[in-house]
Amino acid sequence: MSKGAYALTTPIYYVNAAPHLGTAYTTIAADALARYERMNGYDVSFVTGMDEHGQKVADTAAAHDMEPQEWCDSMEPAFRDAWDMLDITYTDFVRTTEPRHAETVRKFWNDLYEKGFLYKGAYEGWYCVHEETYYAESDLEKNEEGEYVCPDCKRPVQKTSGEENWFFKLSDFEDKLLEFYEENPDFIRPVTRKNEIVSFVKSGLKDLSISRSTFDWGVPLPFDEGHVAYVWADALLAYLTGIGYSEPERAAEYEAAWPMQYHFVGKDIIRFHCVIWPAMLMAIGEALPEHVFAHGFLTVRNAETGKAEKMSKSRGNAIAPREVIEKLGVEGYRYYFMTDVTPGTDGAISFGRMEQVYNADLANSWGNLISRSTNMCIKYFEGATPERDPEAAGYAENPLAAAAEGIFERYAAKMEAFAYGDAAKEIMDLIHAANHYIEDSEPWTLAKDPAKAGELANVIWNLLEAIRISAHLLMPLMPSTSAEALRRIGCEGEAATDDMGASCVWGQLTAGLPVEKGEALFPRLG
Ligand code: MSP
């Protein structure tokens, strides 16, 4: 039975470039949580998509001699294929140029206009097209030529003189936002980001320009057709579109899924998610999402300077997911990024480290345990899970039952805090215990002594049970190899559990299930 709705999002990605490891990182992290919550019985809405409007995309299209829409259409397969390849289980893919999304944008801003939160004014200031962000002069930095540059991406900024815009009264929300952060200390995760946001809001909020009148690649505002919505005033609303805000036939889904549980974002876009977005929702009278989780950047060491730099297409250091998949496979890729790169901080990546983690955890430990255990079951019990012998050693008291005791609770606490690496460590502890158990109990010696048949049955059963539980726990990170591991020990049907906690209780494996050997799940690299 469903425990109810659980909704989460990735950012919707600018379509100026194809996905790279950095953008894929957010998507896989969100997918692992989506899968985990589904396995806990929630009805999960998982929204992702493409951010297609704004000057950056329009400029990119022009640089390719294409119309903006044509360019965006040409980019859709790059995103969909990357997410399919990485086994991402999104439930809605929002393109901001879709009519249903234009309807969301019109409906939302029209409502705020009618509620009196918008006014028309002249915008004097600076704009960075790359960041699609407005800056006050005092925020800017200067480059070696003395030009003003963006404090975030260091590119020259554009001066905007007296452009007539619509403004959202963001400054009205300063106190309300501070009160909200105080009452919901867990809204922004991790806590370092929360502190950053609180001091930003305390330093004073300016009203926000939410429309542009100097170009037309956006959604025209219903109350002033000469203006299109500012790209962020459009993009954030994709989260509502993705659960049916503008589609009357999805009203029940919207009601159940809003407010959402999680927005996953990179640390560069938290002000939009933790300041502007909550203020927009407060203004319209909607409940606020429960959490925004901001992760750090994947970085790459610059060969010339030796410094770690954010991976990005424009820096020319972007690595395509396919390059890693060719090395580690999809599952190895997912496992490495979710367990070896700490979500809250920046993480340098290297192919050497990937190979090390893959070989140690997946090839030598997990893969090895599966192949040795299934082989022994085939050899000693004709490929059927043995019947345990309550009279023989290893029945109740054994190191694997002890290691599995309370494992789900320990793992769940870590998964829910996005400490995926620590969650994986819980599983690896069980897997290592199982590999040691093989050495310590020497099934090949037990097999030679008919008096030890009961003990041998218990040992093999314990190993298969440890594999069953480990496969369940690994499923959110590595869905297909975990399902395959379950299949090889005759527990195929369990892959679709909606009560992970119950499935991971020790002692459930039944006797007589068909056990199969197969190709190495994680062939050793190097
Ligand atoms: N379109 C906006 C988001 C709108 S959400 C309503 C946007 N798009 S983006 O394509 O530039 O970035 C999307 C996400 O990818 C951001 O969360 C960003 O932090 C993340 N990453 C981009 N490069 C990254 C790394 N090198 N490492 C980790 N994440 C990175 O911003």
Side-chain angles (χ1 to χ4, degrees), residues 8-30 47-58 60 72 75 78-79 82-83 92-97 101 104-105 108 128-133 150 152-153 155 193 210 218-219 229-243 260 262-278 280-281 289 292-302 308-321 324 337-338 341-349 418:
L8 75 163
T9 65
T10 70
I12 53 162
Y13 299 98
Y14 287 130
V15 292
N16 59 313
H20 55 71
L21 297 185
T23 40
Y25 179 75
T26 324
T27 311
I28 301 172
V47 178
T48 191
M50 309 202 309
D51 194 353
E52 305 185 13
H53 288 130
Q55 211 170 321
K56 174 153 77 173
V57 171
T60 308
C72 296
M75 291 303 284
F79 282 86
W83 304 156
D92 201 327
F93 185 98
V94 180
R95 294 188 53 180
T96 54
T97 54
H101 181 67
T104 302
V105 176
F108 190 95
C128 171
V129 174
H130 186 76
E131 300 294 324
E132 295 282 17
T133 302
C150 167
D152 294 309
C153 72
R155 289 179 174 79
R193 301 289 167 219
I210 57 102
V219 180
Y230 162 46
V231 64
W232 275 99
D234 160 344
L236 287 160
L237 299 172
Y239 299 148
L240 303 182
T241 301
I243 50 170
M260 293 183 153
Y262 263 103
H263 293 310
F264 270 95
V265 299
K267 65 180 183 180
D268 50 337
I269 55 175
I270 47 172
R271 287 188 191 170
F272 295 101
H273 286 82
C274 300
V275 180
I276 297 173
W277 180 226
M280 283 163 60
L281 292 164
V292 175
F293 185 90
H295 62 74
F297 294 143
L298 292 188
T299 59
V300 186
R301 199 159 298 285
N302 180 312
E309 287 180 344
K310 178 186 176 192
M311 181 183 295
S312 70
K313 186 81 180 181
S314 51
R315 279 195 179 83
N317 63 4
I319 302 174
V324 178
F337 282 100
M338 290 305 102
V341 182
T342 312
T345 55
D346 288 355
I349 59 151
F418 303 113

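Start at 1 and go down the list; that is how both ligands and their atoms are numbered. Side chains included, hydrogens not; waters and symmetry mates left out as well; all remaining heavy atoms used.
Each of the following atoms of ligand 1 lies closer than 4.0 Å to a heavy atom of G296: 28 (C). Heavy-atom contacts of Y239 reach the following atoms of ligand 1: 5 (S), 6 (C) (cutoff under 4.0 Å). Taking every heavy atom of L236 and a limit of under 4.0 angstrom, the matching atoms of ligand 1 come to 6 (C). Applying the 4.0 Å criterion to heavy atoms of H295 picks out, from ligand 1, the atoms 28 (C), 29 (N). Remark: ligand 1 atoms within the under-4.0 Å shell around heavy atoms of P11 are 3 (C), 5 (S), 14 (C), 17 (O). Near A235, with a cut-off below 4.0 Å to any heavy atom, the atoms of ligand 1 are 6 (C). Listed by number with element, the atoms of ligand 1 under 4.0 angstrom from any heavy atom of M311 are 23 (N), 25 (C), 26 (N).
Heavy atoms of W232 come nearer than 4.0 angstrom to ligand 1 in at least one pair.
At the shortest separation from atom 9 (S) of ligand 1 among protein heavy atoms lies Y14 CD1, 3.7 Å. Of all protein heavy atoms, the one lying nearest to atom 20 (C) of ligand 1 is T26 OG1, 4.1 Å. Among protein heavy atoms, the minimum distance from atom 27 (N) of ligand 1 is reached at L298 N, 2.8 Å. Closest protein heavy atom to atom 16 (C) of ligand 1: I269 CD1, 3.7 Å. Of the protein's non-hydrogen atoms, I12 O, 3.2 Å is the one closest to atom 3 (C) of ligand 1. Nearest to atom 14 (C) of ligand 1 among the protein's heavy atoms is Y13 CE2, 3.7 Å. Remark: minimum distance from atom 30 (C) of ligand 1 to any protein heavy atom is reached at G22 O, 3.6 Å.
Using a 4.5 Å heavy-atom threshold, the side chains of I319 and I349 count as touching.
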TODO: Quick one: do H20 and N317 satisfy side-chain hydrogen bond (donor to acceptor under 3.5 Å, both in side chains)? Show the steps, please.
DONE: CA-CA 10 Å; H20 55 71; N317 63 4; over 6 Å; no
TODO: Decide side chain to side chain contact (heavy atoms under 4.5 Å, CB included) for Y14 and M50; before the verdict, give the C-alpha distance in whole Å, the side-chain angles of both, and the deciding distance to 0.1 Å.
DONE: CA-CA 6 Å; Y14 287 130; M50 309 202 309; over 6 Å; no
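With a heavy-atom cut-off of 4.0 Å, H20 touches ligand 1 through its side chain alone.
Interatomic distance, T48 OG1 to F93 CZ, rounded to the nearest 0.5 Å: 6.5 Å. Rounded to the nearest 0.5 Å, atoms SG (C274) and CD1 (I269) are 10.0 Å apart. The structure places NE2 of H295 at 11.0 Å from CZ of F418, a figure rounded to the nearest 0.5 Å.
The shortest N/O to N/O separation between V265 and ligand 1 does not fall below 3.5 Å. For ligand 1, the polar-atom distance check against T23 finds no nitrogen or oxygen pair separated by under 3.5 Å. Looking at G266 next to ligand 1, an N or O pair under 3.5 Å apart turns up. Residue D51 places at least one N or O, backbone or side chain, under 3.5 Å from an N or O of ligand 1. Distances between N or O atoms of F297 and those of ligand 1 include no value under 3.5 Å. The shortest N or O to N or O distance between D268 and ligand 1 is below 3.5 Å.
Of the possible donor and acceptor atoms, none in the side chain of E52 sits under 3.5 Å from a partner among the backbone N and O of R95. Remark: the backbone N or O of V129 is not paired with any side-chain donor or acceptor of K56 at under 3.5 angstrom. With hydrogens and angles ignored, the 3.5 Å screen pairs a side-chain donor or acceptor of Y25 with a backbone N or O of V341. With H273 contributing its side chain and L236 its backbone, the two residues share no donor-acceptor pair below 3.5 Å.
Note: W232 and F272 have parallel aromatic rings, judged against thresholds of 30 and 60 degrees for the angle between ring planes.
Between Y13 and T27, the side chains place a donor N or O and an acceptor N or O closer than 3.5 Å (distance only, hydrogens not considered).
By the neighbour-count criterion of 12 heavy atoms within 6.0 Å, atom NZ of K267 is densely surrounded, having more than that number from other residues, nucleotides or ligands.
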